[in-house]
> 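Got a structure here, written out as structure tokens. Questions coming.
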Amino acid sequence: MSIILRNRGQGLWMVLRITAETASAFFFTAAIIDVGVGMTRIGRYLQSVQLIPAAFALSLSTIAVWIGLTLIFGRIYCSTVCPLGALMDLAARSRPKKTAYRHSRPAEWLRTLLLGIFLILTVSAIIPRQWIEPAGIYSEIIASIRWPRIALGTAAALTAAAAVTITAWRRGRLICNTVCPAGTILGIIARHSTMHIDINTDRCTQCRRCEHACKAECIDMLSHTVDMSRCVVCFNCLPACPDEAIAYTTRRHTLSIPMMQSLKPTPQTQTCDNISTCYPTSSTTAPSNQTAPEPEQSASSAGRCDSTSARASRC
Ligand code: SF4
Ligand code: SF4
Ligand code: SF4
């Protein structure tokens, strides 16, 4: 049995995720500036479940919970609990609406190098720990804004705030997917997550709206794949798709030869008069020994060539 979350319910899931992220950042911030007992208590709890501080404190249960959740759901830590991620999302939301994200290649060597540097800094304790992990940096930024003073720490915090917000405004979660040690570690686990973003090549019309909505720049439309090591499970891509071709699911839809895929004919189908024009790209060209489709196959092919303008253009 597979679980599928497509764009019909995505509005709700996106609202839930954004609500969780906003509430988490709010209580975390409340704990830093110590506003009130109730809010501070929730915030302190959220501080205690941050991944890297939990690792510093050798809280094996917290680490095990995050590893387990990431193995099931992907990097939900980065889309709900991390306060620095929430700050990046706030900055990214102020981008002009017409500015689209584009897929970028993963900087694996840089991620590995920076993770190595992080481990060296952690062991050697050359730099205070709060300056090398996201929750600590966020805390320093908030403290510097709340209690401004002329000091090196304040300057460093404000520089970090400017770097994080400007980068997020321009490139979404680029810092998460290159610099952050938590992101690199969670990314290694999330590659194998049970739930993942999957593109159904039967339905996809290559309009690229999902790619343009992806702040992690991890949707590759050339291969119809999503790099789950960089995906932060924000659900932005799902409601962007007009064809319900992208889903958060346990299923892996890996077939790429259209005639091999099982498709349901829709009521508004048109048949393709010329089979060769149903394979518009070289990668989907029918083999030379391919015979004309049987009537049942024609119905399947017709399922790909429905009357929507986008699909009609493929036929
Ligand atoms: S990658 Fe790092 S900074 Fe980004 S959301 Fe995840 S933990 Fe926070
Ligand atoms: S693929 Fe991109 S837009 Fe879709 S959930 Fe992942 S990070 Fe968000
Ligand atoms: S938005 Fe949907 S149809 Fe368009 S490229 Fe993405 S998955 Fe394909």
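All figures in this text were calculated on a predicted structure; none of them were measured in a lab. First listed ligand is number 1; within each ligand, the first listed atom is number 1.
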> Does Leu238 reach the side chain of Phe235, with side-chain heavy atoms less than 4.5 Å apart?
yes
> Counting from 1, what ligand 3 atoms have a heavy atom of Met221 closer than 4.0 Å?
5 (S)
> Are the side chains of Arg111 and Arg230 in contact, using a 4.5 Å heavy-atom criterion?
yes
> I'd like to know if Glu108 and Arg191 make a salt bridge, using a cut-off of under 4.0 Å between side-chain N and carboxylate O.
yes
> Near ligand 2, which residues have a heavy atom under 4.0 Å away from one of its atoms?
Ile197, Cys214, Ala216, Cys218, Ile219, Val226, Cys231, Val232, Val233, Cys234, Phe235, Asn236, Cys237
> With heavy-atom distances below 4.5 Å as the criterion, would you say the side chains of Tyr248 and Met195 are in contact?
yes
> What atoms in ligand 1 come closer than 4.0 Å to a heavy atom of Gly85?
5 (S)
> Can you name the atoms of ligand 1, numbered from 1 with element, that are less than 4.0 Å from a heavy atom of Ala182?
7 (S)
> Inspect the contact between Glu133 and Arg129 and indicate whether a charged nitrogen and a carboxylate oxygen are less than 4.0 angstrom apart.
no
> At under 4.0 Å between heavy atoms, is it the side chain or the backbone of Asp243 that contacts ligand 3, or both, or neither?
side chain
> Which atoms of ligand 3 have any heavy atom of Arg208 under 4.0 Å away?
4 (Fe), 5 (S)
> Can you tell me how far the CD1 atom of Ile197 sits from the OG1 atom of Thr225, to the nearest 0.5 Å?
12.5 Å
> How many angstroms lie between atom OG1 of Thr70 and atom CD1 of Ile189, to the nearest 0.5 angstrom?
5.5 Å
> Provide the number and element of each atom of ligand 3 under 4.0 Å from a heavy atom of Ala245.
2 (Fe), 7 (S)
> Against heavy atoms of Gln206, which atoms of ligand 3 measure under 4.0 Å?
5 (S), 8 (Fe)
> Looking at Glu217 and Arg170, is any side-chain nitrogen of the basic one under 4.0 Å from a carboxylate oxygen of the acidic one?
no
> So, Cys180 and atom 8 (Fe) of ligand 1: N/O/S under 2.8 Å, yes or no?
no
> Answer yes or no: is there an ion pair linking Asp89 with Lys215, defined by an N-O contact shorter than 4.0 Å?
yes
> Measuring from Tyr77:OH to Leu51:CG, what's the distance to the nearest 0.5 Å?
5.0 Å
> Tell me whether Cys204 has at least one N, O or S atom under 2.8 Å from atom 4 (Fe) of ligand 3.
no
> As an exercise, state the distance from CD1 of Ile72 to OG of Ser193, rounded to the nearest 0.5 Å.
10.0 Å
> If you count the atoms of ligand 3 from 1 in the order shown, which ones are under 4.0 Å from a heavy atom of Thr205?
3 (S), 8 (Fe)
